[in-house]
Every structure is written in structure tokens, then in C-alpha cells.
*Asks:* 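Before anything else, here's the structure in question.
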Amino acid sequence: MRFLVLMAEDDHFAKWEGADDALRARVVADFQAFDAAVRARGEVVAGEALDHPGAARTVRPGDDRPVSEGPFAETVEQLGGFYLIDVPDLETAVEVAALLPREYAVEVRPTLEVQL
């Protein structure tokens with residue numbers, strides 16, 4: 001079963017820029033622990049860190065599909081990255097998501113298998 005794991009943090013990019021070596025090493029170790037735990041129970045289908053929200057463009061609804069600068073929603077939390085994982089169930093997805101760096105709020109959401 002696939003789950004999208006979204007990671008967000010207040011002022012994510014400023015905090016990462018100001019992080020010391022010890023914090024950066026611990027964050028990397030947390031990502032490695034998450035990766036190992038998912039691989040032990042399933043697989044990481046995809047995952048990427050995201051660029052600064054200022055680099056985003058949002059295609060809005062409407063007949064002319066207007067484009068706005070910035071992310072989908074205005075929020076103080078910045079989406080920093082995501083994983084798409086395939087593990088047996090929601091409980092497992094939440095269990096491994098808790099291994100991600102504690103600075104992130106992590107949303108775990110099942111995907112729907114839509115056939116096009």
C-alpha cells in the first residue's frame with residue numbers, strides 16, 4: 001500500500017542554513033534510519049527534497065488557468081520534501097515516519113490507486 005509522506009517545518013530553509021554540524025549530522029542520521037526502516041518493511045518508491053517555496057508556481061483553477069508565484073497554500077510551515085513509500089499498512093507508515101527528523105511535522109496520507 002502506498003503512502004505519501006510530506007515533511008514541513010516552520011522556517012525550514014532558514015533553520016537549515018543556520019544549523020550547526022552536529023544538527024546536520026543528526027538530521028542525516030534520522031533520514032538514514034527512516035530509509036533503512038522503510039526498506040526493511042517495503043520500499044521507497046520516490047523521495048526528494050524540495051526547493052524554496054519562492055521557486056514554486058501554482059496553476060490555479062479557472063478557464064484561463066492563472067499561474068501565481070509561490071506554493072499552493074500560504075502558511076508559515078514550509079514543505080521541505082516528500083517520500084512515496086510502499087509498506088503494508090498505515091500503522092507501519094506512521095511508525096517509520098516517526099523516524100524522520102523531529103523538526104518536521106510529517107503528514108502520512110494513503111494514495112488512491114486510480115486507473116487512467
Side-chain angles (χ1 to χ4, degrees):
M1 190 172 183
R2 288 186 173 188
F3 298 89
L4 184 62
V5 179
L6 299 166
M7 298 172 293
E9 178 184 23
D10 291 351
D11 299 322
H12 167 74
F13 291 93
K15 288 180 179 175
W16 184 251
E17 290 292 322
D20 62 20
D21 290 343
L23 177 57
R24 288 176 184 240
R26 201 239 328 129
V27 167
V28 169
D30 288 349
F31 279 116
Q32 291 170 335
F34 169 81
D35 187 69
V38 172
R39 290 183 195 285
R41 295 163 176 84
E43 67 176 318
V44 174
V45 178
E48 293 287 343
L50 298 178
D51 200 346
H52 192 278
R57 299 294 179 269
T58 301
V59 179
R60 299 284 176 186
D63 292 338
D64 60 346
R65 304 295 289 175
V67 176
S68 62
E69 293 186 10
F72 178 75
E74 295 292 328
T75 177
V76 295
E77 292 182 320
Q78 298 170 341
L79 193 58
F82 73 92
Y83 286 98
L84 180 62
I85 62 174
D86 191 348
V87 294
D89 52 46
L90 179 60
E91 290 74 24
T92 302
V94 170
E95 177 186 332
V96 296
L99 297 171
L100 287 164
R102 66 191 78 145
E103 288 78 8
Y104 293 108
V106 180
E107 179 178 330
V108 178
R109 187 183 302 190
T111 65
L112 299 175
E113 295 184 26
V114 178
Q115 300 293 323
L116 298 177

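Just so we're clear, the structure is a prediction, and the values are computed from it rather than from any experiment. Counting from 1, the numbers follow the sequence of the chain as shown.
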*Asks:* About how many Å separate CZ of Arg2 and CD1 of Ile85, when rounded to the nearest 0.5 Å?
*Replies:* 11.0 Å
*Asks:* Considering residues, nucleotides and ligands other than Asp64, do more than 12 of their heavy atoms fall under 6.0 Å from its CG?
*Replies:* yes
*Asks:* Taking the side chain as every heavy atom from C-beta outward, state whether Asp10 and Lys15 have any atom pair closer than 4.5 Å.
*Replies:* yes
*Asks:* Nearest heavy-atom pair of Leu99 and Ala33: which atoms, and what distance?
*Replies:*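 What the structure gives for the nearest pair is CD1-O, 3.8 Å.
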*Asks:* Which distance, rounded to the nearest 0.5 Å, do you find between the NE2 of His12 and the CG of Leu79?
*Replies:*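 His12 atom NE2 to Leu79 atom CG measures 9.0 Å (nearest 0.5 Å).
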*Asks:* Would a single hydrophobic cluster contain both Val87 and Val94, if residues Ile, Leu, Val, Met, Phe, Trp and Tyr are joined by side-chain heavy-atom contacts under 4.5 Å?
*Replies:*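 They do share one cluster, since a chain of ILVMFWY contacts under 4.5 Å joins Val94 to Val87.
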*Asks:* What pair of heavy atoms forms the shortest contact from Pro101 to Phe31, and how long is it?
*Replies:* CG-CE1, 3.6 Å
*Asks:* Can you list the residues that meet the side chain to side chain donor-acceptor pair (under 3.5 Å) rule with Arg65, with sequence neighbours excluded?
*Replies:* none
*Asks:* What residue pairs, at least two apart or across chains, pass side chain to side chain donor-acceptor pair (under 3.5 Å) with a residue in residues 94-113?
*Replies:* Arg26-Glu103, Arg41-Glu95, Glu107-Arg109
*Asks:* To check you understand the geometry: which heavy-atom pair defines the closest contact between Phe3 and Asp89, and what is its length?
*Replies:*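 Nearest pair, atom of Phe3 first, then Asp89: CZ-C, 3.4 Å.
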*Asks:* Quick one: name the residues clustered hydrophobically with Val45, using the 4.5 Å side-chain heavy-atom rule over I, L, V, M, F, W, Y, and just say none if it's on its own.
*Replies:* Leu84
*Asks:* Quick one: do Leu100 and Val5 satisfy side chain to side chain contact (heavy atoms under 4.5 Å, CB included)? Show the steps, please.
*Replies:* CA-CA 10 Å; Leu100 287 164; Val5 179; 3.8 Å; yes
*Asks:* Is the count of non-hydrogen atoms from other residues, nucleotides or ligands lying under 6.0 Å from Asp20 atom CG greater than 12?
*Replies:* yes
*Asks:* Of the non-hydrogen atoms in Pro53 and Phe13, which two are nearest, and what is the gap between them?
*Replies:*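 Minimum heavy-atom separation between Pro53 and Phe13: CD-CE1, 3.4 Å.
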*Asks:* Group every Ile, Leu, Val, Met, Phe, Trp and Tyr by side-chain heavy-atom contacts under 4.5 Å, then state whether Tyr83 and Met1 land in the same group.
*Replies:* yes
*Asks:* To check you understand the geometry: which heavy-atom pair defines the closest contact between Ala97 and Val106, and what is its length?
*Replies:*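 In this case the closest contact between Ala97 and Val106 is CB-CG1, 3.8 Å.
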*Asks:* Applying the side chain to side chain contact (heavy atoms under 4.5 Å, CB included) test to Val44, which of Asp86, Val96, Val38 qualifies?
*Replies:*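 So the option named by the test is Val38.
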*Asks:* Please give me the minimum heavy-atom distance between Val108 and Ala93, naming the atom from each residue.
*Replies:* CG1-CB, 3.7 Å
*Asks:* How long is the gap from CZ on Phe34 to CE on Met7, to the nearest 0.5 Å?
*Replies:*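 Spacing of CZ (Phe34) from CE (Met7) equals 7.5 Å.
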